[in-house]
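What follows is a single structure, written as structure tokens, with notes after it.
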Amino acid sequence: MMFTIIDAIAFSWFIFCWLGCSVLIFICKKRAGNIYGVMHKYRLQWMENSAYRKDRSVDSIALGNIMKSVSFFASTAILITAALIPLLGYGNKASIFIASLPNTVNNISPIWEIKTLLLIIIFTYAFFKYSWALRQYHYASVMILSTKYYTSPDKAAQSNINRNANILSNAAKHFSTGIRSYYYAIAVLSWYLTPYLFIASTSLVIIIVIRREFMSKALNILSNS
């Protein structure tokens with residue numbers, strides 16, 4: 001049994017949902033009513049407080065903690081990718097096990113390799129997003145600590161505040177993209193069982209992502225603070 005029509009539909013639905021959700025988040029990223037826009041306002045406030053504060057040690061500590069989290073996810077992504085590569089050669093053995101499960105499709109090696117390769121691509125993509133976010137947080141730390149101490153608001157101060165907040169928000173955007181890649185990878189795992197479950201899992205993941213970006217309880221709390 002090779003790549004079937006329902007497999008093609010499930011894969012196309014997955015790509016459409018991922019790209020559509022990414023475009024929607026990109027279009028709405030700095031508008032009201034989404035987590036990115038709300039957090040950007042908090043980063044502007046953070047950078048404003050930093051510009052008018054002589055001691056920047058608290059900023060360094062906060063950025064250090066953020067970079068540790070990003071570094072952890074980057075390391076995890078590359079380890080998962082390394083673990084998935086050997087699985088490309090286990091298609092025949094795996095298909096026998098999967099076929100023994102109820103309500104599953106007996107997929108031979110070519111299908112197995114396509115699914116495993118898709119997971120490798122997703123986690124590789126996530127690694128690049130995490131590593132780029134980590135580099136931008138390093139840039140942000142240099143920019144924040146190099147910003148002069150201002151005693152009163154002026155045009156130069158506001159320019160530096162906007163610049164520092166923008167680099168932080170851009171780093172956070174790439175980190176969030178890496179996190180969402182993990183969600184999509186979970187949906188791909190269901191494809192090993194049946195393409196019908198893959199379609200349902202992809203739809204569920206998109207609902208969860210959109211809800212967390214635009215309709216979550218956390219967003220309501222942050223918006224009302």
Side-chain angles (χ1 to χ4, degrees), residues 18 20-77 125-184 205-225:
W18 189 344
C21 185
S22 299
V23 170
L24 176 64
I25 293 173
F26 176 78
I27 293 173
C28 302
K29 66 178 184 178
K30 285 192 176 182
R31 298 181 182 178
N34 67 89
I35 198 76
Y36 181 93
V38 172
M39 288 305 300
H40 182 69
K41 292 179 180 178
Y42 280 104
R43 293 186 185 100
L44 281 171
Q45 184 177 347
W46 175 14
M47 291 301 98
E48 185 176 357
N49 293 335
S50 175
Y52 302 123
R53 183 177 59 245
K54 182 174 289 188
D55 184 10
R56 305 273 172 80
S57 60
V58 63
D59 304 307
S60 299
I61 294 172
L63 282 170
N65 291 333
I66 293 173
M67 286 189 285
K68 285 180 182 178
S69 176
V70 180
S71 179
F72 168 78
F73 279 100
S75 301
T76 302
Y125 173 79
F127 169 75
F128 278 106
K129 285 295 181 180
Y130 290 135
S131 58
W132 182 226
L134 185 61
R135 287 185 64 184
Q136 289 186 80
Y137 278 121
H138 278 289
Y139 301 154
S141 64
V142 174
M143 291 164 64
I144 292 170
L145 295 178
S146 65
T147 301
K148 64 176 289 188
Y149 166 62
Y150 293 94
T151 57
S152 61
D154 59 30
K155 187 175 181 180
Q158 191 59 47
S159 176
N160 286 327
I161 289 168
N162 291 333
R163 179 201 65 185
N164 295 347
N166 285 334
I167 190 66
L168 285 173
S169 291
N170 200 53
K173 180 191 72 174
H174 287 278
F175 177 70
S176 298
T177 302
I179 292 291
R180 287 194 294 271
S181 299
Y182 278 41
Y183 298 165
Y184 300 133
V205 166
I206 291 300
I207 291 172
I208 292 173
V209 169
I210 291 177
R211 182 184 178 278
R212 291 185 176 180
E213 291 290 332
F214 300 100
M215 296 173 285
S216 65
K217 183 177 180 181
L219 176 59
N220 291 332
I221 294 172
L222 291 168
S223 300
N224 296 325
S225 298

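Please read all numbers here as calculations on a predicted model, not as lab measurements.
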Nearest 0.5 Å please: distance from the [atom1] atom of [X] over to the [atom2] atom of [Y].
X: Met143; Y: Asn160; atom1: CE; atom2: CG; answer: 8.0 Å
X: Leu145; Y: Ser50; atom1: CG; atom2: OG; answer: 7.5 Å
X: Ser181; Y: Phe127; atom1: OG; atom2: CZ; answer: 13.0 Å
X: Arg135; Y: Met67; atom1: CZ; atom2: CE; answer: 13.5 Å
X: Ile35; Y: Ser223; atom1: CD1; atom2: OG; answer: 7.0 Å
X: Leu222; Y: Met39; atom1: CG; atom2: CE; answer: 6.0 Å

Counting C-beta onward and ignoring hydrogens, is there a side-chain heavy-atom pair between [X] and [Y] closer than 4.5 Å?
X: Tyr137; Y: Ile167; answer: no
X: Ile161; Y: Tyr52; answer: yes
X: Leu24; Y: Cys28; answer: yes
X: His40; Y: Leu168; answer: no
X: Met47; Y: Asn162; answer: no
X: Val205; Y: Tyr184; answer: yes

With a 6.0 Å cut-off (strictly less than), is the heavy-atom count around [atom1] of [X], excluding the residue itself, greater than 12?
X: Tyr149; atom1: OH; value: yes
X: Arg211; atom1: CZ; value: no
X: Tyr182; atom1: OH; value: yes

Would you name the heavy atoms of [X] and [Y] that are closest together and state the gap between them?
X: Gly37; Y: Asn34; result: N-OD1, 2.9 Å
X: Val70; Y: Tyr130; result: CG1-O, 3.3 Å
X: Ala133; Y: His174; result: CB-CB, 4.0 Å

#### Entry: Side-chain donor/acceptor of Ser159 to backbone N/O of Lys155, under 3.5 Å
no
### Query
Just by modelled atom types, is the Val209 backbone N or O under 3.5 Å from a matching donor or acceptor in the Arg180 side chain?
no
Can [X] and [Y] be counted as having a side-chain donor-acceptor contact under 3.5 angstrom?
X: Trp46; Y: Asp59; answer: yes
X: Asn170; Y: Gln136; answer: yes
X: Thr147; Y: Arg163; answer: yes
X: Gln45; Y: Asn49; answer: no

### Query
Quick one: do Arg43 and Glu48 make a salt bridge, cutoff under 4.0 Å?
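Salt bridge absent between Arg43 and Glu48.
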### Message
According to side chain to side chain contact (heavy atoms under 4.5 Å, CB included), who are the partners of Ser22, at least two apart in sequence or on a separate chain?
### Response
Trp18
### Message
Can you list everything that forms a salt bridge (Lys or Arg N to Asp or Glu O under 4.0 Å) with Arg212? Sequence neighbours excluded, please.
### Response
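Expected list: none.
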### Query
Would a line drawn from the ring center of Phe175 to the ring center of Phe73 be shorter than 6.0 Å?
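Yes; Phe73 has its ring centre under 6.0 Å from that of Phe175.
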### Task
Apply side-chain contact (heavy atoms from CB on, under 4.5 Å) to the pair Thr177 and Tyr125, showing each step before the final yes or no.
CA-CA 9 Å; Thr177 302; Tyr125 173 79; 3.3 Å; yes
### Query
Can you check side-chain contact (heavy atoms from CB on, under 4.5 Å) on Lys129 and Ile179, steps first, answer last?
CA-CA 9 Å; Lys129 285 295 181 180; Ile179 292 291; over 6 Å; no
